[in-house]
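Everything below concerns the one structure shown next.
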Amino acid sequence: MARRFTNQEIAEIFEHIADMLEIQGEIPYKVMAYRRAAENIAALGRDIYDLWQEGALRTIPGVGEAIEEKIDQLLRTGRLELYERLKAEIPSGLLEMRQIPDMGPKRIKTVWEKLGITTVEELEQAARAGKLRDLPGFGAKLESKILAGIEAVRRRKIAGRVPLGAAWPLAQEILRALHEVPGVQRLAAAGSFRRMKETIGDLDFLVAAEDPEAVMERFTTLPIVETVLLKGSTKSSVRLRNGLQADLRVIEAARWGTALQYFTGSQQHNIQLREHALRRGYSLSEYALTRVESGEELLCATEEEVYERLGLAYIPPELREGRGEIEAALEGRLPRLVTIEDLQGDLQVHSTWSDGQASIRDMARAAKAKGYRYMLLTDHSQSLGVARGLTPERLREQRREVESVNAELGDGFRILHGAEVEIRADGRLDYPDEVLASLDLVVASVHTGLRQDRERVTARFLAAIHHPHVHIIAHPTGRLLGEREGADADWEAILRAAAETGTLLEINANPARLDLPDALARRALELGGYLVISTDAHSPGELDLIHFGVAVARRAWATPDRIANTWPLERLLRWAHEKPGRVRRRS
DNA sequence: GCCGTTTTCGGCCCGACTGTTTTCAGTCG
């Protein structure tokens, strides 16, 4: 049997195919088709093998007859003829050149054909020897830019995508600085940052101002700017010291709506929106909606106007990924997305009883101050030694403190006594059933053995989900963004079992995790499941991370009703206490 | 290569900036 590919690996193969076809000079639309298919496969909430077996590959947007056949060939035989052929034809060094700024497919093809250059090293030598400048479309300036680009790539001065949480403080710093510039009328961070995507490729800022010069000047001379990549009259790009690129566009306030819409993206959403506009007789750009027939410009000062004039309900930024949101807006079936104000409590909070940094009282006061009605205390269970997990005896002692703080805080807020219980390597839980039964709510999670094989990991999760006293599965995949992949498991089976047993799946709001990922969260909802959004706070300040989790839920199209910590306490507890009945019915 | 309340063929979003150019190609988003 052919080896198993992940969705990610298959997406990468099509991405490489697109790069190689592009260098070969294939028509751009074909290249775009492979890229789009790759993007949608990477963002799939389902295992592509399941779709393959169901004969449903064509339900993936951008997958038609030809690409379906190629996926089938790959999954059946473990090889893809087209891919192997292209790899034989196109030296791999040419693909590496794509990372160098200003080296696109045409220029790569030129140096390859005219000078026989096939590696970055050869490109560097040719540039140093002044051999590039005489090529058609090249010149002395471009030659030195290419050399600088090679150097930047080598010294890893060019960052790939960074986790949203890492980009957050940088964006705030830049926003603060731009806010101080005189004459700035409106200001926003756009792009994938505004869409709250889990990783950010670059930072995009939009400013409305009378005098673009002053804003551009301030932006390009910020202390955290390493180099200015380009600076025009309405657009500047810089590379920040950490390697992240930041772009700024300045426009007049009257065009704010179209500009913000354009700059927020995503590219796929914009393409689809602009196609939709054309069908309705408008050409849409960042400047205006233009009637195609008369050339008349309609200026939109707000995004709401843009969508309204196109006959669409307003589409929140988190949904703008080209995954059906325009059709939904057209038919008036966009979900009413969950907001931070909908939340009534935080369902994963630690204290100094295990590895937290604050007392139960301090955590509870902070939670109450946020307007919550409840908080689930979830210190670690005994086997997690590194986190000073609690023995059953300590857990009983802790209950007394919970009761005393509850009495102190009075009505209107309640600390629920719970625990974050290890799902052990054999699938059993880290406390005996009678201990679990004594808790208000039980959160179960995996911290060790994430690298077990797929069948074993899946079995562990299923065992926990079918346990009558487990109510929430925390940070399910165990991934750490930019550091560690999530566990390899049959997520479809896990999400389905969770939905059937009414086991809640956590969206962990910590920006290092964001787990469940948005695609799996959306699939969980499709399967009829319910989620919670929790911070996993280890200090009072970390309760504020909740907005990252809300963003993931919104990107998963979640309505408030499907997020269990929007429920009143009584409903939440009733739901939990009904679980043993649901488990029995299913087994 | 994908896709369809203009189409199963003929379209496929729109614009800024740079450098190499006498009017535009390439890259990028």
Side-chain angles (χ1 to χ4, degrees), chain A residues 14 17-18 21-23 25-40 57-71 82 97-111 132-146 149 158 190-192 200-206 212 216 228-237 245-251 255 258-259 261-290 292 310-311 322 326-327 330-331:
Chain A
F14 286 119
I17 288 174
L21 290 175
E22 201 173 29
I23 291 170
E26 187 55 86
I27 58 162
Y29 296 113
K30 189 187 278 195
V31 174
M32 217 169 74
Y34 277 104
R35 289 236 163 87
R36 179 155 176 259
E39 207 178 308
N40 286 321
L57 289 173
R58 297 280 284 274
T59 62
I60 304 168
V63 174
E65 193 182 341
I67 293 183
E68 175 187 41
E69 198 282 320
K70 289 178 177 68
I71 297 171
L82 169 69
M97 282 181 209
R98 295 273 356 218
Q99 296 169 36
I100 304 166
D102 301 309
M103 283 300 286
K106 299 277 172 49
R107 288 175 186 149
I108 290 173
K109 188 167 191 241
T110 301
V111 299
L132 298 185
R133 62 185 64 186
D134 299 326
L135 295 172
F138 286 66
K141 273 200 172 168
L142 191 56
E143 200 173 64
S144 53
K145 272 175 115 176
I146 289 170
I158 298 178
S192 50
I200 303 295
D202 58 15
L203 285 172
D204 302 306
F205 298 94
L206 181 66
M216 295 288 188
V228 178
L229 298 171
L230 55 88
K231 190 178 173 188
S233 56
T234 68
K235 174 179 173 176
S236 297
S237 289
Q245 184 174 326
D247 299 335
L248 171 70
R249 285 287 289 267
V250 184
I251 46 94
R255 302 180 191 269
T258 42
Q261 192 290 313
Y262 156 72
F263 221 22
T264 297
S266 65
Q267 191 173 29
Q268 275 313 319
H269 175 83
N270 284 356
I271 288 174
Q272 291 178 19
L273 189 66
R274 288 170 179 204
E275 284 169 351
H276 171 80
L278 284 172
R279 284 194 293 271
R280 298 179 69 103
Y282 293 104
S283 167
L284 173 63
S285 78
E286 58 264 52
Y287 295 108
L289 267 172
T290 308
V292 174
L310 292 172
I326 291 175
E327 295 84 334
L330 191 58
E331 294 161 16

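Computation of the quantities below employed the complete heavy-atom set of this structure, encompassing side-chain atoms and omitting hydrogens, waters and symmetry-equivalent molecules. Naming: A, B, ... by sequence-line order, numbering from 1 per chain.
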Legend entry - A:I326 versus A:L273, closest heavy-atom pair with distance: CD1-N, 3.4 Å

Inset, instruction - Using the C1' atom on both, measure B:dG1 against B:dT8 and round to a whole Å. - result: 14 Å

Inset, instruction - Give the B/S/- string for nucleotides 18-29 of chain B, one per nucleotide from 5' to 3', where a protein heavy atom under 4.0 Å of the base yields B, of only the sugar-phosphate yields S, and otherwise -. - result: SSS-----SSSB

Legend entry - Interatomic distance where CD belongs to A:Q261 and P belongs to B:dC14 [whole Å]: 12 Å

Legend entry - Whole-Å distance separating the NE2 atom of A:H276 from the P atom of B:dG4: 15 Å

Inset, instruction - Taking only the side-chain heavy atoms of A:S285 (C-beta and beyond), determine which of B:dG1, B:dG15, B:dC13 contains the nearest atom. - result: B:dG15

Inset, instruction - Report the residue (A:I67 or A:L278) whose heavy-atom-nearest nucleotide on DNA chain B is the more 5′ of the two. - result: A:I67

Inset, instruction - Round to a whole Å and report the spacing from CG of A:L248 to C1' of B:dA16. - result: 13 Å

Inset, instruction - Would you kindly give the CG-to-C1' distance between A:L206 and B:dA16, to the nearest whole Å? - result: 14 Å

Inset, instruction - Give the rounded distance in Å between these two atoms: CG of A:L289 and P of B:dC14. - result: 11 Å

Inset, instruction - Determine the interatomic distance between C1' on B:dC2 and the same-named atom on B:dT7; round to the nearest Å. - result: 13 Å

Inset, instruction - Sticking with atom C1', work out how far B:dA16 lies from B:dG10, rounded to a whole angstrom. - result: 29 Å

Legend entry - A:R249 CZ to B:dC14 C1', straight-line distance once rounded to whole Å: 10 Å

Legend entry - Candidate nucleotides B:dT6, B:dG1, B:dC17, ranked by approach to the side chain of A:R279 - the nearest: B:dT6

Legend entry - Closest contact, heavy atoms only, A:Y262 versus A:N270: O-ND2, 2.8 Å

Inset, instruction - Find which nucleotide of DNA chain B each of A:M32 and A:S236 is nearest to by heavy atoms, and output the residue with the more 5' nucleotide. - result: A:M32

Legend entry - Whole-angstrom distance between B:dC12 and B:dT6, as gauged at atom C1': 15 Å

Legend entry - Between B:dC13 (P) and A:R36 (CZ): distance, integer Å: 11 Å

Inset, instruction - Starting at NE2 of A:H269, measure out to OG1 of A:T264 and round the result to the nearest 0.5 Å. - result: 9.0 Å

Inset, instruction - Determine, step by step, whether A:E22 and A:R35 satisfy the salt bridge (charged side-chain N to carboxylate O under 4.0 Å, His left out) criterion, reporting the C-alpha distance in whole Å, the side-chain angles of both residues, the deciding distance to 0.1 Å, and the verdict. - result: CA-CA 11 Å; A:E22 201 173 29; A:R35 289 236 163 87; 2.9 Å; yes

Inset, instruction - Would you mind classifying the nucleic acid contact of A:L273 as base, sugar-phosphate or nothing, using non-hydrogen atoms under 4.0 angstrom? - result: nothing

Inset, instruction - Would you give the length of the straight line joining atom CD1 of A:I251 to atom CD of A:E286, rounded to the nearest 0.5 angstrom? - result: 9.5 Å

Inset, instruction - Find the distance A:Y282:OH to B:dC14:P and express it as a whole number of Å. - result: 15 Å

Inset, instruction - Determine the minimum heavy-atom distance between A:Y287 and A:R255, stating which atoms define it. - result: O-NH1, 3.0 Å

Legend entry - Phosphate-side-chain proximity, A:Y29 and B:dC12, N/O vs OP1/OP2 below 4.0 Å: no

Legend entry - Between B:dC17 and B:dG11 - P atom distance, rounded Å: 31 Å

Legend entry - Nearest heavy atoms of A:L310 and A:Y282, plus distance in Å: CD2-CD1, 4.1 Å

Inset, instruction - Kindly say if A:S283 contacts the phosphate of B:dG15, meaning a side-chain N or O under 4.0 Å from OP1 or OP2. - result: no

Inset, instruction - If B:dT8 has a Watson-Crick or G-U wobble mate with both distances under 3.5 Å, name it; if not, just say none. - result: none

Legend entry - Minimal non-hydrogen separation, A:R274 against A:S285, with atom names: NH2-CA, 3.7 Å

Inset, instruction - Indicate, with a heavy-atom threshold strictly under 4.0 Å, whether A:V31 touches base, sugar-phosphate, or nothing. - result: nothing

Inset, instruction - Determine the Euclidean distance between corresponding C1' atoms of B:dG4 and B:dT23; express it in Å to zero decimal places. - result: 37 Å

Legend entry - Closest contact, heavy atoms only, A:G322 versus A:S266: N-OG, 4.3 Å

Inset, instruction - Quote, to the nearest angstrom, the P distance that separates B:dT20 from B:dT27. - result: 13 Å

